[in-house]
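In this text, all values refer to a predicted model and were calculated from it rather than measured experimentally. Along the sequence shown, the residues carry numbers beginning at 1. For ligands, and for the atoms within them, numbers begin at 1 and follow the listed sequence. Both backbone and side-chain heavy atoms feed into the values below; hydrogens, waters and symmetry mates do not.
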Amino acid sequence: MQTTSWVPLFPEQASTFAWQVDALYFYLIAVSIAFTVPIVAAIVFFALKYRETEKFATPEEMHGSMVLETVWSIIPFVISMTIFLGGAIIFFNQYTPPDDAMEIYVVGKQWMWKIQHQTGQREINELHVPVGRKVKLTMTTEDVIHDFDIPAFRTKADVVPGRYTYLWFEATKTGKYHLFCAEYCGLNHSGMIGSVIVMEQRDFDNWLSGTVSGQTPVEAGKDLFENKLGCASCHAGGQGQRGAVLEGIVGKDVKLVGGTSLTRDDQYLRNSILNPSAQVVEGYQPIMPTFKGQVTEEQLNSLVAYIKSLSPNAATGAATAPATNSAAPMAANTNSAPKPAAPAGNSNK
Ligand code: CUA
């Protein structure tokens, strides 16, 4: 870690993205220098060489050059396309979270980062992750737009009220790295900072088991669903069923009233809880009450995690399924909270 007091020119490279972003950045600098230096030199050279030697001189006329025009079209084309392709590849790579990533929830709030792991542990302004493992952050905010920024990982993403945004990374080096809010969000924006602590898998497992954990998001969501919010009274099978049964729906396409269709993902689940009459599934009445204002962002995350756990085979449910990474025995045990979905249905008799 940095022990000297001077500010380093570049943050450490601590994720698989870091060298890619830096390579593109250095390429941009090289291109800028390659243009700036000859242009400035030519200005100086021509200013001296063609300085005024006689009054009202008429220069020789010149009538185009095919070679010159071709060259100055092709070279900038190649340069701009390499910049575009480099940027596009890195962008798609960074903003397409892999299915086998370990999922962690982030909720931004003026002025702190609230983080919750799949095993239930919570932390504030600190994010512990294992090294060499893909991690996906599912993020939202309770108030205004924030931006989750980890310079050493060369990645950041806006955190937007009313929707989920995602960030993923794979840390390559253990250590402690800066976490910033990179979007002005009010008075204490500059204080909305923290640390990302990258640990060896074994240390991470120890840390997880040594930290007090409450309910896992899936357990908390189940509790809300069955008891606190009473969702089960309509959504469980049996006599009281008026809403859709939610087992196995995530990741599947569905037809809506009005003829459109969509894939049921995190965002759809969230919308259906907060604004249920906006996207009514064909064959159902818009009778579900809104839960806007009754659930916090963290409770929403839990509900979504629980509903996703009822669809263990869905691609988007990868995060709630037991970790596929062989190096996570401890996390895997507590992670697989999704128990057979039956109890939700039976509790309603
Ligand atoms: Cu949160 Cu700036």
Side-chain angles (χ1 to χ4, degrees), residues 1-2 7-15 17-18 21-22 25 87 90-91 94-97 101-118 120-129 134-171 175-198 211 214 217 220 266-267 269-271 273-275 292-305 319:
M1 287 306 309
Q2 203 65 50
V7 179
L9 196 54
F10 285 92
E12 273 183 89
Q13 294 186 334
S15 83
F17 298 141
V21 174
D22 286 358
Y25 184 68
I90 292 172
F91 178 86
Q94 283 210 3
Y95 293 98
T96 314
M102 175 181 126
E103 189 176 17
I104 297 175
Y105 295 111
V106 174
V107 176
K109 182 189 173 191
Q110 282 170 324
W111 287 276
M112 64 177 81
W113 295 108
K114 296 195 286 186
I115 285 153
Q116 188 177 19
H117 294 261
Q118 287 297 323
Q121 284 83 353
R122 295 169 185 278
E123 35 187 346
I124 287 179
N125 294 339
E126 280 196 343
L127 169 60
H128 287 75
V129 291
K134 292 171 187 142
V135 174
K136 171 186 166 189
L137 306 180
T138 297
M139 311 189 294
T140 188
T141 156
E142 284 180 18
D143 35 51
V144 299
I145 297 179
H146 304 276
D147 187 298
F148 199 87
D149 176 20
I150 312 167
F153 293 176
R154 305 293 190 279
T155 192
K156 69 206 275 275
D158 272 6
V159 178
V160 183
R163 55 176 292 188
Y164 291 119
T165 56
Y166 304 94
L167 198 64
W168 82 275
F169 54 79
E170 182 180 335
K176 192 174 176 186
Y177 306 103
H178 286 298
L179 162 63
F180 292 122
C181 175
E183 181 75 53
Y184 181 69
C185 57
L187 189 64
N188 287 332
H189 157 71
S190 62
M192 194 168 165
I193 55 175
S195 309
V196 177
I197 294 123
V198 180
T211 314
D266 298 2
Q267 192 67 47
L269 297 177
R270 184 197 163 87
N271 288 344
I273 296 165
L274 295 180
N275 192 6
K292 201 175 222 156
Q294 296 180 50
V295 284
T296 65
E297 287 299 338
E298 281 164 309
Q299 289 175 323
L300 265 175
N301 285 343
S302 298
L303 279 168
V304 170

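- Across E123, R122, E103, a single residue satisfies side-chain hydrogen bond (donor to acceptor under 3.5 Å, both in side chains) together with H117, and that is E123.
- Look at M192 and atom 1 (Cu) of ligand 1: an N/O/S atom of the residue is under 2.8 Å from the metal.
- Contact record, R154 with E12: NH1-O, 2.9 Å, taken as the closest heavy-atom pair.
- Residue contacts to atom 2 (Cu) of ligand 1: H146 brings no N, O or S atom closer than 2.8 Å.
- Closest to atom 2 (Cu) of ligand 1 among the N, O or S atoms of H189 is ND1.
- Rounding to 10 degrees, one finds that atom 2 (Cu) of ligand 1 sits at the corner of an angle of 120° between C181 SG and C185 SG.
- Within the 6.0 Å centre-distance limit, the rings of Y177 and F153 are counted as a close aromatic pair.
- The distance from atom 2 (Cu) of ligand 1 to the nearest N/O/S atom of E183 is under 2.8 Å.
- When the options E183, Q110, H189 are evaluated for a side-chain contact (heavy atoms from CB on, under 4.5 Å) with V144, the one that passes is Q110.
- Comment: K114 engages E142 in a salt bridge, judged by a side-chain N to carboxylate O separation of less than 4.0 angstrom.
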